[in-house]
Amino acid sequence: MAPASLMVRLAPNVANDALLLFTADLAARLKVTKIIGIAACQPLQVYGSLDTYVPQDLIDRDRAQIESELKAAEGRFRTVLQGKVTDLEWRSTVTYGSLADYIAQQMRAADLLVTMPEEGGSLLDTSRQVDLADLVLRAGRPVLVVSAAVDKLDLRSVVVGWKDSREARRALEDALPLLKLADRATVVEIASGEDVPEARARIEDVADWLARHGVAASARAVASLGDDTAQLSSVAAELDAGLVVGGAYGHTRLREWVLGGVTRNLLLRPARASFLSH
């Protein structure tokens with residue numbers, strides 16, 4: 001199903017103009033008329049004993065800073081996208097809860113989320129950073145991760161990282177509207193040496209399925225050398241891929257998500273755009 005609305009996550013206090021131009025271009029190519037901008041912050045949180053004192057002035061200055069950052073993000077959202085789509089909507093919040101939870105909940109209103117990669121910084125600083133692994137696995141919608149420096153999706157060559165699983169099939173179907181716009185798509189499976197013939201048969205099925213949906217697709221089975229992430233990245237570079245499509249693999253235990261190495265290392269921190277679905 002072609003998307004009817006996009007959501008774009010803006011990082012507060014960060015230059016988001018390239019991301020907004022990327023989203024506008026994507027909306028035009030997919031004939032989407034609604035874009036929802038979203039941003040979230042956590043207020044100052046104090047860790048320590050119950051009698052730890054925090055000056056009210058510090059709390060007030062933190063809150064004012066957050067409100068200023070969110071207002072600035074909304075301003076750039078409206079300025080950059082004004083006139084590019086017919087329907088713009090802004091959503092933001094200040095919450096003590098998980099930022100990923102908030103954005104995932106709001107994804108009920110959109111078909112696809114566009115976001116920049118995981119930011120650097122301290123793992124303890126959750127005030128502005130969103131755990132993308134958590135978000136991808138909670139959203140129930142596909143997520144397109146794009147570098148902050150890219151303002152247009154390169155669809156001349158797309159790599160589909162295949163694993164014969166529910167997640168990969170889900171990602172492939174979710175990505176179909178983009179794959180139909182691609183000049184070519186290559187389905188790649190990294191398999192153990194003895195499994196390469198079976199892998200080739202599997203991905204030829206996938207390439208044939210894509211072809212029946214109007215996608216110019218081919219298949220490539222690659223014998224594993226031990227580091228699947230590096231190999232898939234190498235193949236994507238060889239094919240000059242502008243987009244990598246993959247399923248997000250993970251499970252939860254005590255509310256902590258664990259993702260496979262390819263998802264975490266290649267797709268959430270991409271050198272090129274990546275499309276993930278769980």
Side-chain angles (χ1 to χ4, degrees), residues 1-11 16 18-40 73-74 77-78 80-82 84-93 99-117 130-147 150-155 158 160-161 166-182 185 209-210 213-215 242-248 250 263 267-268 270 272-278:
M1 182 177 68
S5 59
L6 304 178
M7 183 175 286
V8 56
R9 180 187 74 88
L10 276 65
N16 292 289
L19 179 69
L20 291 168
L21 291 171
F22 178 99
T23 306
D25 176 73
L26 185 64
R29 293 160 85 176
L30 292 172
K31 297 180 172 57
V32 169
T33 57
K34 178 165 186 172
I35 298 177
I36 302 169
I38 192 166
E74 180 183 4
F77 169 75
R78 296 192 181 281
V80 175
L81 295 182
Q82 190 66 43
K84 292 183 170 61
V85 295
T86 58
D87 191 354
L88 292 176
E89 181 181 339
W90 177 256
R91 301 184 181 196
S92 63
T93 193
L99 303 186
D101 276 356
Y102 169 72
I103 297 168
Q105 290 161 3
Q106 300 305 306
M107 278 304 298
R108 61 181 174 255
D111 298 298
L112 172 66
L113 175 67
V114 183
T115 181
M116 288 186 284
V130 175
D131 185 333
L132 281 192
D134 205 0
L135 176 56
V136 166
L137 294 176
R138 293 178 188 273
R141 297 284 195 271
V143 177
L144 182 57
V145 185
V146 58
S147 165
V150 175
D151 61 7
K152 186 175 182 179
L153 180 60
D154 181 0
L155 289 174
V158 177
V160 177
R166 181 195 68 84
E167 289 86 355
R169 289 188 284 274
R170 178 76 265 164
L172 195 65
E173 184 167 349
D174 287 341
L176 198 54
L178 288 178
L179 293 171
K180 287 181 177 181
L181 298 176
W209 180 86
L210 285 170
H213 283 276
V215 179
L243 176 67
V244 176
V245 175
T263 304
L267 299 179
L268 290 181
R272 51 194 50 82
S274 62
F275 183 101
L276 300 100
S277 186
H278 176 69

**Full working for side-chain contact (heavy atoms from CB on, under 4.5 Å) between K84 and L21** = CA-CA 9 Å; K84 292 183 170 61; L21 291 171; 4.1 Å; yes
**Request:** Taking D87 for its side chain and T33 for its backbone only, find out whether a donor-acceptor pair lies under 3.5 Å.
**Result:** no
**Asked** Backbone N or O of L26 within a donor-acceptor pair of the R29 side chain at under 3.5 Å?
**Response** no
If you measure from [atom1] on [X] to [atom2] on [Y], what distance do you get to the nearest 0.5 Å?
X    : Y    : atom1 : atom2 : value
L113 : D111 : CG    : CG    : 11.5 Å
I38  : E89  : CD1   : CD    : 9.5 Å
F275 : L179 : CZ    : CG    : 8.0 Å

Is the shortest side-chain heavy-atom distance between [X] and [Y] below 4.5 Å?
X    : Y    : result
F77  : T23  : no
E173 : R169 : no
R166 : H278 : yes
V244 : R272 : yes
I35  : L20  : no
V114 : V146 : yes
L132 : V143 : no

**Message:** Evaluate F22 against L144 for side-chain contact (heavy atoms from CB on, under 4.5 Å), listing each step before the verdict.
**Reply:** CA-CA 11 Å; F22 178 99; L144 182 57; 3.7 Å; yes
Could you report the tightest heavy-atom contact between [X] and [Y], atom names first, then the distance?
X    : Y    : answer
L81  : A24  : CD2-CB, 3.6 Å
V32  : A4   : CG1-O, 3.4 Å
D134 : A100 : CB-CB, 4.1 Å
L178 : L243 : CD1-CD2, 4.3 Å
V85  : A27  : CG1-CB, 4.0 Å
M7   : Q106 : CE-O, 3.3 Å

**Item:** Pair L176-W209, side-chain contact (heavy atoms from CB on, under 4.5 Å): steps then yes or no
**Value:** CA-CA 11 Å; L176 198 54; W209 180 86; 4.0 Å; yes
**Asked** For A109, what residues pass the side-chain contact (heavy atoms from CB on, under 4.5 Å) criterion, not counting sequence neighbours?
**Response** I36, R91
**Request:** Please report the C-alpha distance between N16 and V8 in whole Å, then the side-chain angles of each, then the deciding distance to 0.1 Å, and finally whether the side-chain contact (heavy atoms from CB on, under 4.5 Å) criterion is met.
**Result:** CA-CA 10 Å; N16 292 289; V8 56; over 6 Å; no
**Item:** Contacts of T115 that satisfy side-chain hydrogen bond (donor to acceptor under 3.5 Å, both in side chains) - sequence neighbours left out
**Value:**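 By the side-chain hydrogen bond (donor to acceptor under 3.5 Å, both in side chains) rule, T115 matches R9.
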